[in-house]
Amino acid sequence: MSDKLGSSAASLAHYRLLQKQRPDCFRDPDDSPVAILTNDDDIAAAQHEEDARRKQHNLSFPDLRVGVLAADPYLGILTRDAVRFADGSLGVYNRHIGEAGCVIMPMIAGTIVLIRIFRHATREWAWEFPGGRISPGEDPTTTALHEMEEEIGAIDPVIQTLGNVYPYPAFSSASIHLFAATIAQVGTPQIAEGIAAIETVSPVRLIEMVDNGDIKDAAALACILKARLRGII
C-alpha cells in the first residue's frame, strides 16, 4: 500500500482498497452498536455532523478525512471510519489495524527471565519479557521461538501457549499471543534492540515487581496473570 495519503481523495481510495483486501476489518455484527458507513453520501453526512460537533466543543481540528490516514510496515494502518453510533448520531472513529505480536515468559531453574529494555515510545527503561511482531502468515509459536533465541539467546526452549489478549482494544485491533517457556540457559542480550540486560527473578520477586509498578508492560502483565492462574508460577 502506498504511503501517499495526504489528500482526502487519496485516503479514501486507499480505504476502498483496504475494504477489498481486508473485509474482516469491516464486519458489522448484527448486535454492533457502532456501524461502519461506507456509502459516499453516508460518509459525507458523518463528516458534516463531526464538523458541527467539533465546532460546538471548540475543537480546532479541521482534518475530517475518512479513510487510511497512515500506513507503515511495522506500525500497521491508521484509519478513520465514518460511523453511526448507538444513539443514531453520525461521526468519525479512529482505529489502528495492527499485526499480531507475541510475548514469552521464559523460565529457567525455577526463576523467571526478564529483559531490561529501552522503549522509544515512552522514552523510558522497562522490565519486560522477550517478544516481537508476528509476520503475516507466520505461526505464532515459530515467532516466539525465534524471538527468544534472538533477544536472550535462549537454549533448548520448551514452549506452551497461554492464549492471546488485545492490549488496547479501544483503539487497536492488534493482538498479542502469550507463551511460557522453560529454557536451559540464556546467552547475551540483543543490544541492537535496546536490551541492556537479562535478569532472573524468583516468582515471589516477580509478583512484587508487578505490585510495585516495576513491570508496567500490559502484555507482560497478562502473561504473568495467565501463568499464575494455570499454576505455572
(request) Would you mind reporting whether Ile233 and Met107 have side-chain heavy atoms less than 4.5 Å apart? (result) yes
(message) Taking side-chain hydrogen bond (donor to acceptor under 3.5 Å, both in side chains) as the definition, give me every residue that meets it alongside Lys55, ordered by chain and number, with sequence neighbours left out.
(response) Asp51
(request) State whether a side-chain donor-acceptor pair under 3.5 Å links Gln19 with Arg16. (result) yes
(message) Between Arg22 and Ile77, is there a side-chain heavy-atom distance shorter than 4.5 Å?
(response) no
(message) Does anything in residues 115-128 form a side-chain hydrogen bond (donor to acceptor under 3.5 Å, both in side chains)? List the pairs, not counting sequence neighbours.
(response) Arg119-Glu128, His120-Arg123
(message) For residues Val210 and Leu114: do they belong to one hydrophobic cluster (side chain heavy atoms under 4.5 Å, members Ile, Leu, Val, Met, Phe, Trp, Tyr)?
(response) yes
(request) For residues Ala46 and Gly91, report the shortest heavy-atom separation together with the two atoms involved. (result) CB-O, 3.4 Å
(request) Mind listing the closest non-hydrogen atom pair of Met105 and Ile232 along with its distance? (result) CE-CG2, 4.4 Å
(request) Rounded to the nearest 0.5 Å, what's the gap from OG on Ser8 to CD on Gln47? Could you check? (result) 7.0 Å
(request) Search all heavy atoms of Asp81 against all heavy atoms of Phe26 and return the closest pair with its distance. (result) OD1-CE2, 4.1 Å
(request) Group every Ile, Leu, Val, Met, Phe, Trp and Tyr by side-chain heavy-atom contacts under 4.5 Å, then state whether Ile176 and Leu221 land in the same group. (result) yes
(message) The criterion is side-chain hydrogen bond (donor to acceptor under 3.5 Å, both in side chains); which residues satisfy it with Asn39, sequence neighbours excluded?
(response) none
(request) Determine whether Phe129 and Asp217 make a side-chain contact, defined as any pair of heavy atoms from C-beta on separated by less than 4.5 Å. (result) no
(message) Are the side chains of Ile134 and Thr142 in contact, using a 4.5 Å heavy-atom criterion?
(response) no
(request) Decide yes or no for Ser11 and Arg80: does some side-chain heavy atom of the first lie under 4.5 Å from some side-chain heavy atom of the second? (result) no
(message) Surrounding CZ of Phe171 (heavy atoms of other residues, nucleotides or ligands, distance under 6.0 Å), is the total greater than 12?
(response) yes
Do any side-chain atoms of residues 177-206 form donor-acceptor pairs under 3.5 angstrom with protein atoms, and if so which ones, sequence neighbours left out?
{"residue": "Ser202", "atom": "OG", "partner": "Arg205", "partner atom": "N", "Å": "3.0"}
{"residue": "Arg205", "atom": "NH1", "partner": "Glu208", "partner atom": "OE1", "Å": "3.4"}

(request) Say whether Ile207 and Ile112 are linked into one hydrophobic cluster, either directly or through other cluster members, by side-chain heavy-atom distances under 4.5 angstrom. (result) yes
(request) Return the minimal non-hydrogen interatomic distance between Leu64 and Glu50, and the atom names on each side. (result) CD2-CG, 3.6 Å
(message) Membership question, hydrophobic clusters at under 4.5 Å side-chain separation (ILVMFWY): are Leu12 and Leu90 in the same one?
(response) no
(message) I'd like to check Ser89 versus Glu49 (side-chain heavy atoms, cut-off strictly below 4.5 Å). Are they in contact?
(response) yes
Kindly list each side-chain donor-acceptor pair under 3.5 angstrom involving residues 147-166, sequence neighbours excluded, with atom names and distances?
{"residue": "Glu150", "atom": "OE2", "partner": "His146", "partner atom": "NE2", "Å": "3.4"}
{"residue": "Glu151", "atom": "OE1", "partner": "Gly131", "partner atom": "N", "Å": "3.3"}
{"residue": "Thr161", "atom": "OG1", "partner": "Gly163", "partner atom": "N", "Å": "3.3"}

(message) Using the rule that Ile, Leu, Val, Met, Phe, Trp and Tyr join whenever any side-chain heavy atoms are under 4.5 Å apart, tell me whether Ile117 and Met209 fall into a single cluster.
(response) no
(message) Quick check: closest heavy atoms across Thr79 and Tyr15, and the distance to 0.1 Å?
(response) CB-CE1, 4.4 Å
Show me, pair by pair, the donor-acceptor contacts under 3.5 angstrom made by side chains of residues 30-38, not counting sequence neighbours?
{"residue": "Ser32", "atom": "OG", "partner": "Val34", "partner atom": "N", "Å": "3.3"}
{"residue": "Ser32", "atom": "OG", "partner": "Val34", "partner atom": "O", "Å": "2.7"}

